A.B. asks: 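Once you've had a glance at the structure underneath, I'll fire off some questions.
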Amino acid sequence: MKLEGAYDPKLFESRIYEEWTDSGYFNPDNLPGLRKENYIVYMPLPNVTGSLHMGHTLDNTFQDIVIRYHRMRGYKTLWLPGTDHAGIATQYVVEKQLKKEGINRFELGREKFIERVWEWKKEYGGIILSQLQKLGCSADWSRTRFTMDPEYASDVQNIFIEYYKKGLLYRGFRTVNWCTRCGTSLSELELEHKEEETKLWYIKYSDEIVVATTRPETMLGDTAIAVNPNDERFRRLVGKTVVVPIVNREIPIVADVMIDMNFGTGAVKVTPAHDSVDFEIGERHKLPMIQVIDAYGKMTKEAGSKHEGKKARDVREEIVKELEELKLITRIEPYTHNVAICYRCNTTIEPIPSAQWFLKMKSLASNAMEAVRSKAVIIHPERFEKPYFDWLSNIRDWTVSRQIWWGHRLPVYFCETEKQKLAGNQQQEQFVVAKEKPKECPFCKKCEMEQSPDVLDTWFSSALWPFAGMSESDKKNYYPGNTLITARDILNLWVARMIYSGLEFKEEVPFKDVLIHGTIMTKDGKRMSKSLGTGIDPLKYIEQYGADVTRFAVVWQATGQDIRWDETAVVGGKKFLNKLWNAAKYVASNRQLATSNQQSEEKIPKGNTEVDKKIIDEINKLKKSVTEDIEKFEFSKALHDMYEFFWHSFCDEYIEVAKLQIQDEKQKEETQKILMYILSESLIMLHPFIPFITEVLWREGVKSKTPLIIEQWSH
RNA sequence: GGGCGAUUAGCUCAGCUGGUUAGAGCGUUACAUUGACAUUGUAAAGGUCACAGGUUCGAGUCCUGUAUCGCCCACCA
């Protein structure tokens, strides 16, 4: 194509991307030259349900910058893309689709339902990746993985089995966070919190024991009263018993450090089955568990025939009324507190006891902390180390099993005979952890064993992203990687888990640098959210202004703090790229034929005049600082500096003087060389940031035979 | 309840280890221009750097406190 007219990305962006794809340079195995060192970036996997939003745009532009930069520096660069099956999220989407058709997943059945999800994935699962291609991302698409690929699934199962063999994975019957709508357990990181106005009811258990509670209905499952061991008021009562009103059950009074003497009355009712703190107190004091609420949020038989089958929420009122009649409510206070809700459907979480699989976190967490403490992994900026350490040092065992259908089914097989015999007591089942279903049940020798219906927490499989599902040779040649770039919200959810998984199974941290960048918010500082209608669609910018302008606008603003999205940065980008386009057009029109010869000995012109020397000196300094900035992940600063140099020093000052110098035959050739030199160097430096326009100008203006994508950063 | 971040021109933001008239993009004003570029050039207006103390020869930059906004984390029932 000819360099003419104004800058119009529509004329070349898609064509250039195709050429890059055809060249194979996104794949490290195809890169020319002697490349000894790897440089690997792991793409934070977008959910298959996702479509490109501003967060992805920033995230992936940053990743593309480091990848393109290192490719030009002569590394074997590999950017590993893929998508996450996103268990609950995807299941939820397909369930909604079914709902429109008037059926639910249970009517469809597990197998049919999963087929439906796969169909959905086939149709929509690739959208986000093609949008990333529009953005110009130079990931190695030939290595695209999906966390439910057969190879990936196989690795996930192997890891599960390995954990089990190491004794780090166990089956337990414990009080877990339960979403009654999704019908599954959730880890604490999958919870959100919302403020709720409620009441604090003071209930009299005896003359000396009054407890304050927000959930009177759970008293039906009380198995103790707890007080702080240092609380003088109750010291003499510890070890004695008290009777639970209404149910008339005698329960002990125990002392536990968990109890805050200053809250309420200082005495707490303990319901191990329906509160995770109470569960722990129960374990310490060997208290029985009485489950009065079931998996649907309804009262169980244990709650008494009067309440059985009713919604827990309704029973609350009834209990209060009953207690009032017995004159056992001594006080009611208005009270505001946070309740946990399901991150996916916002349903209030109901802690209930349930048989689940748990990963022991103590050693894994301490390995992950050591990795950062020893600087094997460096978190940038440093302040994000604190939330990382805080979470890991207070960690509890991870509930990894989920009661949904879409996901990695556990490689666990139950004895059906035992199960029948022990119906109703889930703590005593018999099972085998194995990759394949055993031919013969080792327990009863006669039953057809059945695979556990549970699937794994999605994050269990994404924690293995740096190696799972890769070919054997890739596993060997492309681990560990170098850099992970992401937003702060998945630091613990994902990053920490990749670090200890890598250490556990590959004996090495998966990456050295973790860059946590700011979050893009609306101009008035609100979170961008599709459901709130506050989201801004980057595809709109890509469509209207091109990918380069979009990337420019994002990087321009991404200084490290959270970003209040400002449209004017897009305008600035558009103007700058137009400036770049026109300057290149001018320089190309003044091409000095002798210098188009790439063999030219003299790569760096010396210059005759003061302005010549000044501009050469300036760009050489700029090259150095941009290089350093990229190494330090200071992308925005690098872009601002290049902008300043190119527009004001080069275009406004040098080119204007050059026009005069070219009139002088003695200076003409050197001036033209300098123009071309500055343009070339500028294109090289700008390429990681705005790859399309620079590639086009490189070919059409500089007339280089080497594509810019693999041009050397410095000679 | 704890932690972190922010508070600098009309808007969105830079300003590293404290040092001459505090910078950028966008916007605004005046003039210029068909010569790479009107998605332009030149020039200009616009800030008591949230507030109060302190350290210092000197503070937007360090310390203490206050206020406002935002974000995380939390087992005060």
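Computation of the quantities below employed the complete heavy-atom set of this structure, encompassing side-chain atoms and omitting hydrogens, waters and symmetry-equivalent molecules. Predicted, not measured: the structure shown is a model, and the values here were computed from it. Sequence lines set the chain letters: A, B, ... in the order given, protein chains first and strands last, and positions in each chain run from 1.
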A.B. asks: B/rA44 and B/rU34: how far apart are their C1' atoms, nearest whole angstrom?
C.D. replies: 25 Å

A.B. asks: Suppose we call a contact any N or O donor and acceptor under 3.5 Å apart; does that hold for the side chain of A/E644 and the base of B/rA14?
C.D. replies: no

A.B. asks: Without swapping roles, check the side chain of A/R233 against the backbone of A/M261 for a donor-acceptor pair under 3.5 Å.
C.D. replies: yes

A.B. asks: Between B/rG47 and B/rC13, how far apart are the C1' atoms? Round to whole Å, please.
C.D. replies: 14 Å

A.B. asks: Of the options B/rA36, B/rC13, B/rC11, whose atoms approach the side-chain atoms of A/C651 most closely?
C.D. replies: B/rA36

A.B. asks: Counting side-chain heavy atoms from C-beta on, which of B/rA77, B/rU42, B/rU12 comes nearest to A/D652?
C.D. replies: B/rU42

A.B. asks: Can you give one letter per nucleotide of nucleotides 70-75 of chain B, 5' to 3': B if a protein heavy atom sits under 4.0 Å from the base, S if only from the sugar-phosphate, - if neither?
C.D. replies: -SS-BB

A.B. asks: For nucleotides B/rC4 and B/rA59, find the distance between their C1' atoms and express it as a whole number of Å.
C.D. replies: 24 Å

A.B. asks: I'd like the P distance from B/rG10 over to B/rU28, given in whole Å.
C.D. replies: 15 Å

A.B. asks: Do A/D641 and A/K637 meet the salt-bridge criterion of a basic N to acidic O distance under 4.0 Å?
C.D. replies: yes

A.B. asks: What distance, rounded to whole Å, do you find between the two C1' atoms, one in B/rA74 and one in B/rG3?
C.D. replies: 10 Å

A.B. asks: Say you draw a straight line from CD1 of A/I293 to CD of A/E217; how long is it, rounded to the nearest 0.5 Å?
C.D. replies: 5.5 Å

A.B. asks: So, are A/R249 and A/D222 salt-bridged, with charged N and O less than 4.0 Å apart?
C.D. replies: no

A.B. asks: Are A/K621 and A/F645 in a cation-pi contact, defined as NZ or CZ under 6.0 Å from the six-membered ring centre and within 45° of the axis?
C.D. replies: no

A.B. asks: Of the options B/rG41, B/rC76, B/rC11, whose atoms approach the side-chain atoms of A/W647 most closely?
C.D. replies: B/rG41

A.B. asks: Return the nearest nucleotide to the side chain of A/K585; candidates are B/rA14, B/rA36, B/rU40.
C.D. replies: B/rA36

A.B. asks: If each of A/L577 and A/Q561 is mapped to the nucleotide of RNA chain B with the nearest heavy atom, which maps nearer the 5' terminus, i.e. the 5' end?
C.D. replies: A/Q561

A.B. asks: Taking OP1 and OP2 of B/rC37, is either one under 4.0 Å from a side-chain nitrogen or oxygen of A/K659?
C.D. replies: no

A.B. asks: For nucleotides B/rU48 and B/rG60, find the distance between their C1' atoms and express it as a whole number of Å.
C.D. replies: 12 Å

A.B. asks: If the C1' atom of B/rU7 is compared with that of B/rG15, how far apart are they to the nearest Å?
C.D. replies: 15 Å

A.B. asks: If I take atom CG from residue A/L484 and atom CG from residue A/L491, how far apart are they, to the nearest 0.5 angstrom?
C.D. replies: 9.5 Å

A.B. asks: On the ring face of A/W398, is A/R497 found with NZ or CZ under 6.0 Å from the centre and within 45° of the axis?
C.D. replies: yes

A.B. asks: Just to be sure I understand the rule, does A/A569 reach a base, reach only the sugar-phosphate, or reach nothing, if contact means heavy atoms closer than 4.0 Å?
C.D. replies: nothing

A.B. asks: A/H640 or A/T265: which one's nearest nucleotide on RNA chain B is closer to the 5' end?
C.D. replies: A/H640

A.B. asks: I'd like to know if A/K579 reaches the base of B/rC37 with its side chain, counting only an N/O donor and acceptor under 3.5 Å.
C.D. replies: yes

A.B. asks: Can you tell which of B/rA77, B/rG25, B/rA14 lies closest to the side chain of A/T559?
C.D. replies: B/rA14

A.B. asks: When you measure from the side chain of A/H274 to the backbone N and O of A/P351, does any donor-acceptor pair fall under 3.5 Å?
C.D. replies: yes

A.B. asks: For B/rA36, which nucleotide is its Watson-Crick or G-U wobble mate, given both distances must be under 3.5 Å?
C.D. replies: none

A.B. asks: Say we look at B/rC71 and B/rG53: how far apart would their P atoms be, to the nearest angstrom?
C.D. replies: 32 Å

A.B. asks: Take the protein atom OH of A/Y586 and the nucleotide atom P of B/rU39, then report the distance between them rounded to whole Å.
C.D. replies: 22 Å

A.B. asks: Could you please name the option among B/rA36, B/rG27, B/rA77 that lies closest to any side-chain atom of A/N582?
C.D. replies: B/rA36

